[in-house]
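Structure, as structure tokens:
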Number of protein chains: 2
Amino acid sequence: MSAKTKHVVSIGLSAAIVSVADERPSVLVVHHAGAEDALPFGPFDPLNHRTLDSGLRKWVGEQTYLDLGYAEQLYTFGDRGRHLPTPDEGARVVSVGYLALTRQARELKAPDTRWSDWYRYFPWEDWRDTKPAIIDQSIMPVLKQFVKAAPTSEVTELRRDRVRLCFGADGLSWDEEKVLERYELLYEAGLVQEAVRDGRKTSASAALGASMTFDHRRILATAIARLRGKMKYRPVVFELMPPNFTLLELQRTVEAISGIRLHKQNFRRLMEDQGLVEGTGKFATQARGRPAELFRFRREVLRERPAPGVRLGTRKTI
Amino acid sequence: MSAKTKHVVSIGLSAAIVSVADERPSVLVVHHAGAEDALPFGPFDPLNHRTLDSGLRKWVGEQTYLDLGYAEQLYTFGDRGRHLPTPDEGARVVSVGYLALTRQARELKAPDTRWSDWYRYFPWEDWRDTKPAIIDQSIMPVLKQFVKAAPTSEVTELRRDRVRLCFGADGLSWDEEKVLERYELLYEAGLVQEAVRDGRKTSASAALGASMTFDHRRILATAIARLRGKMKYRPVVFELMPPNFTLLELQRTVEAISGIRLHKQNFRRLMEDQGLVEGTGKFATQARGRPAELFRFRREVLRERPAPGVRLGTRKTI
DNA sequence: CCTATTAATACTCAACTTGAGTATATATCT
DNA sequence: AGATATATACTCAAGTTGAGTATTAATAGG
């Protein structure tokens, strides 16, 4: 192998394209019967793409005809052994993951492409109704084993802390943003299919959630975590909403993404006090109850507050 | 060119290695007389590096003998024309930027390597004493021109908003986290040397701050922004502190990084109430004034609170 | 038409957090 | 001893948050 090709890799752009409809957060996947789902994936072409971002938008546009309102780079993964199902062969692939948001399109052009509820891949992440039963039934017992099976007592301590922090216990509450940490913990504990496939574990203790090809489920975990966090200090939710919506619809969308329930009256107060929305004067027609006013996103908020929702540390006036 | 090599690029790992001493936040740079400073930079070697992270740690260790306490991937840049000073030739380089934190080592092994105050590259970012004069003297006049020179009135509006958001005005206060946004704005307005070098502007209105090779100043801006933000919800500052320190030393470090001054009594209250530090019972010997107690970082805080400092949104108990 | 039901919206209130001090303690310097 | 410089303790009003209760406006059923 020549020195020239020694450091050469190819770059893949993977996108977690997200939309929410009917209180179900969905991700666009390429689906083939009998095979694992995949995120849409395109190569970065240095000759024709000026930036990584434009490369992504280009092939997403070509393949899905979706108009991405918002796209954000997540992370670049280059782990050996987590991209290809078999040990390395040929060029190493480094994948740059993206999070993109879009309003749900009625029809998808590409034939094998569909919207898939993201909780299919992460059933332990949806706490809207109750704590998912899978946690106490399947996850915690195996994780307790995983803690015990540590080679040294130091590792035991580390693992115990990770389990506490990820799944909450004695006083620690559920942190909905730790999606990636939880997935990585389950991977290491052999609780997801990918760990077996990558040869990290010889036998799976279980195979929780639907698996995905390559490291796509890891990218999706990163995307969910980022969206759950970002929502709190940037008005990105509105990329997922129609132009007019009721406050309850907005709340349900936020809840669908974060996987937790919110206090209705306080949610309303927050939205209004922060100037994130404004009433349109029109009302939704609904089956029962008092009709809700339709609201729209107040775009001007972006000019008024630096980051709607964020609390900055104390700052002394000079 | 064969199909096989068409999508091939090489990956560079660039690191903004940060330390703080004497209230000066510094970054490790490679310096040659008469040339622009550069961030330490190493190629990702797919054959010998298992992950991007380990690749970074490997060559930083080899080149600087520094022990990186903390390293975090920032962003992957692939913009054509912003990496090479001349138009593309040969393989395209995509660079993955990293932020790394370390306690300052007395001596650096590599000969051309030195610690450099990061405000040399971003003189408009240091608001600790007063608002930097450069803003009103050099930046705002040119930015006002830049707003006026917009091709359409729509672009005018957009530019006006960006200027307001970046540098604050009428009611909007300085947001110390917008380091990257400000650098990008100055780049577009032709106020930094790199814009001229990259051929975006024919003549520089000015060349503010020291420039760096390739897109390294952009990576450094990303690093500063990330560190300023992350500090608020993760106890990363302690990676930069010695084992024992006074609360004022800690505060000065936080101020050096964020570029703003904090209220002393409230800073103390925050640190103690949140359980981030604990007294050692020992006291610092100083020139004047009442001696300050020496504190240490309470590592256990990581196990007690999900994210020291973060305020989560309202969550309803089911 | 009256009443129960459902959902939207308004208002309340105590607990906690934050910004900005004042007050006191313990050093050194002259 | 008194001035000066820090460190540390305490105060207090204003703002924010969590968790309600109260009221309004619709529909469905008798």
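Just the heavy atoms: all of them, side chains too, but no hydrogens, waters or symmetry mates, feed the values below. The chains referred to below are lettered A, B, ... by the order of the sequence lines, with proteins before strands, and numbering in each begins at 1.
A:N266 places its CG atom 11 Å from the C1' atom of D:dT16, with the value rounded to the nearest Å. Protein atom CD of B:E272 is 17 Å distant from nucleotide atom C1' of C:dT17, rounded to whole Å. If you take NE2 of A:H263 and P of C:dT12, they are 16 Å apart, rounded to a whole angstrom. If you measure from atom CZ of B:R290 to atom P of C:dA27, you get 8 Å, rounded to the nearest angstrom. In this structure, A:L270 places its CG atom 14 Å from P of D:dA19, rounding to the nearest Å. One atom, CZ of B:F283, and another, P of C:dA25, lie 15 Å apart when rounded to the nearest Å.
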Between the protein and nucleotides 28-30 of chain C, which nitrogen or oxygen pairs come in under 3.5 angstrom?
| unit_1 | atom_1 | unit_2 | atom_2 | d |
| --- | --- | --- | --- | --- |
| C:dT28 | O3' | B:A287 | O | 3.1 |

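In this model, the phosphate group of D:dA7 is approached by a side-chain N or O of B:K264 to a distance below 4.0 Å at OP1 or OP2. Of the side-chain N and O atoms in B:R268, none sit less than 4.0 angstrom from OP1 or OP2 of D:dA7.
A salt bridge does not link A:R182 to A:E176: none of the charged side-chain nitrogens sits closer than 4.0 Å to a carboxylate oxygen. One finds no salt bridge joining B:R162 and B:E181 here, because no Lys/Arg side-chain nitrogen approaches an Asp/Glu carboxylate oxygen to under 4.0 Å. Checked for salt-bridge contact, B:D129 and B:R261 meet the test: a charged N lies under 4.0 Å from a carboxylate O.
With hydrogens and angles left out, the side chain of A:Q265 and the base of D:dT21 share a donor-acceptor pair within 3.5 Å.
A ring pair (Phe, Tyr, Trp, His ring centres under 6.0 Å) check over residues 285-304 of chain A, counting only residues at least two apart or in different chains, returns the pairs A:F238-A:F297. Among pairs with a residue in residues 279-297 of chain A, those fulfilling salt bridge (Lys or Arg N to Asp or Glu O under 4.0 Å) read A:E278-A:R296, at least two apart in sequence or across chains.
Checking A:R269 against A:L294, the closest nucleotide of DNA chain C that is more toward the 5' end is the one next to A:L294.
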